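Scroll down for the structure; my scribbles are underneath it.
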2 protein chains.
Amino acid sequence: MKIEDVIKSTVPMENSKKIILNVMYTQNILAEKFNEILKPYDISGEQYNVLRILRGQKGNPANMCVIQERMLAKTSNTTRLVDKLLLKEFVTREVCPENRRKIEVTITQKGLDVLKELDPKVTEHEIAFSKNLTDDEIVVLNQLLEKYRNQ
Amino acid sequence: MKIEDVIKSTVPMENSKKIILNVMYTQNILAEKFNEILKPYDISGEQYNVLRILRGQKGNPANMCVIQERMLAKTSNTTRLVDKLLLKEFVTREVCPENRRKIEVTITQKGLDVLKELDPKVTEHEIAFSKNLTDDEIVVLNQLLEKYRNQ
DNA sequence: GTTAATTTTTTGTTAAAACAATTCTAAGAA
DNA sequence: TTCTTAGAATTGTTTTAACAAAAAATTAAC
């Protein structure tokens, strides 16, 4: 559906405005579908994101700063996200012995297990959308988005 | 900045995953900048959205259903958004005489004034991003996003 | 004409986002 | 040493999002 139909606009719209609405709306659709996948596992998108970052550490712990700077949404409150993951026993949290200001967060086996169970569903989700485009179009879309958002 | 640098990923990533991250991250950037514009006026992005929809009615009131279906985020709670706008006297709310289940929401002059004051700043924001792309690229980006999100 | 079903909106509740303020630790300067 | 500054994480508070449940009015069925 074209973005004008989504917001039921009758008057023509500048392309510069259209892009913004298109990005916003597309993100909404993506996030909605993704939340459906996560829902049975009772974790939020942000929590999933933290788990992914921790798995990417390959056994090494990550402190709060590191997690924060790798998140897409830079405003999220990492402490609280880790709190939630701790309750579910998906991560452990320890004070860093070298620098006691820092906290070492590590993903547990239980956390790895839930990620592993999610992996195929997440991949399926990603592919489901991208199959609307050709390989070339996918590359172009990535390039244009990267170019567009530079400020 | 390329999305791999944003999330500080060292391993290569599927393009299908890259698109999702790119859309998510771009939306984040856009929303962040937009919120900066709105902040001095003490309205949220969603509230702004409702005001825009009401102005688009050109004097006619809109009921809750109509507002809801024109919003980008279909899950937002229109009643509460209108509550907030009422407190700021940007809208009025009346029971529809033909069908007393319905509520007629109308933008006030004060609401129109704040939109008018915002208009140039919003346009500037839209153009600031789109000037990173050529006219052709803008058109292509819009087309690709519309094609991509179809499920 | 009364009951049931549907539409439209509101309310309630819990979780999450946003942002400021605070605590605790480390490092460096006087 | 003691004081100050900076770094890292937590806590507190206020909004907002998400979703379920309830309320009110209308329409349809019997």
Side-chain angles (χ1 to χ4, degrees), chain A residues 24 27-51 53 61-88 91-106, chain B residues 24 27-50 61-88 91-106:
Chain A
M24 295 284 186
Q27 188 270 351
N28 260 299
I29 301 272
L30 286 172
E32 214 167 76
K33 287 271 175 191
F34 192 58
N35 284 333
E36 275 175 37
I37 296 174
L38 293 181
K39 194 152 198 188
Y41 298 87
D42 194 34
I43 54 175
S44 71
E46 296 280 44
Q47 287 169 28
Y48 173 80
N49 204 352
V50 172
L51 286 181
I53 290 166
N63 57 48
M64 294 298 195
C65 274
V66 168
I67 297 174
Q68 181 97 26
E69 70 180 16
R70 299 200 178 175
M71 304 269 296
L72 285 182
K74 300 301 183 194
T75 59
S76 37
N77 190 326
T78 313
T79 302
R80 295 234 170 83
L81 287 173
V82 170
D83 280 348
K84 292 294 160 66
L85 293 172
L86 253 179
L87 286 177
K88 292 164 194 156
V91 303
T92 59
R93 175 164 62 180
E94 292 179 60
V95 175
C96 171
E98 286 87 44
N99 185 338
R100 296 202 339 248
R101 285 177 302 187
K102 296 191 179 181
I103 296 287
E104 294 187 331
V105 183
T106 315
Chain B
M24 295 284 186
Q27 188 272 349
N28 260 300
I29 302 273
L30 287 172
E32 215 165 77
K33 287 271 176 191
F34 193 58
N35 284 333
E36 275 175 37
I37 296 175
L38 294 180
K39 192 150 201 192
Y41 298 87
D42 193 34
I43 54 176
S44 70
E46 296 279 43
Q47 289 168 29
Y48 173 81
N49 204 353
V50 172
N63 58 47
M64 294 297 197
C65 275
V66 168
I67 297 174
Q68 180 98 28
E69 70 181 14
R70 299 198 180 177
M71 304 271 295
L72 285 181
K74 301 301 182 196
T75 59
S76 36
N77 191 325
T78 313
T79 300
R80 295 232 172 84
L81 287 173
V82 170
D83 281 348
K84 292 295 160 67
L85 292 173
L86 253 178
L87 286 178
K88 292 164 194 156
V91 302
T92 59
R93 176 165 61 182
E94 292 179 56
V95 174
C96 171
E98 285 87 45
N99 184 339
R100 293 196 345 244
R101 283 176 304 187
K102 293 190 179 182
I103 297 289
E104 294 186 333
V105 184
T106 316

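From a predicted model like this one, the values you see are computed outputs, not experimental measurements. The sequence lines fix the lettering, A, B, ..., with proteins before strands; numbering per chain opens at 1.
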If you only use heavy atoms from C-beta on, which nucleotide in [options] is closest to the side chain of [X]?
X	options	value
A:M64	C:dC19, C:dT9, D:dA9	D:dA9
A:K39	D:dC19, D:dT11, C:dT10	D:dC19
A:K84	C:dT25, D:dT26, C:dA16	C:dA16
A:L81	D:dA9, C:dA17, C:dT9	C:dA17

Residue met sooner reading DNA chain D from 5', once A:D83 and A:N99 are mapped to nucleotides: A:N99

How far does CG of B:L30 sit from CG of B:N35, to the nearest 0.5 angstrom? 11.0 Å

A side-chain contact here means heavy atoms from C-beta on lying under 4.5 Å apart; do B:V95 and B:I103 qualify? yes

Report yes if the side chains of B:D83 and B:T79 come closer than 4.5 Å at any heavy-atom pair, otherwise no. yes

So, OP1 or OP2 of [N]: does either fall under 4.0 Å of a side-chain N or O from [X]?
X	N	value
A:K74	C:dA18	no
B:R93	C:dT10	yes
A:T79	D:dA9	no
B:Q47	D:dT15	no

Value in whole Å for how far the [atom2] atom of [N] lies from [atom1] of [X]:
X	N	atom1	atom2	result
A:I67	D:dA9	CD1	P	8 Å
A:N77	D:dT16	CG	P	18 Å
B:N63	D:dT26	CG	C1'	14 Å

Can a donor-acceptor pair be found, under 3.5 Å and without considering hydrogens, that links the side chain of A:K88 to the backbone of A:D42? yes

Does any donor-acceptor pair link the side chain of B:R101 with the base of C:dT9 at a separation under 3.5 Å? no

Under 4.0 Å, counting only non-hydrogen atoms across every strand here, what does A:N35 touch: a base, just sugar-phosphate, or nothing? nothing

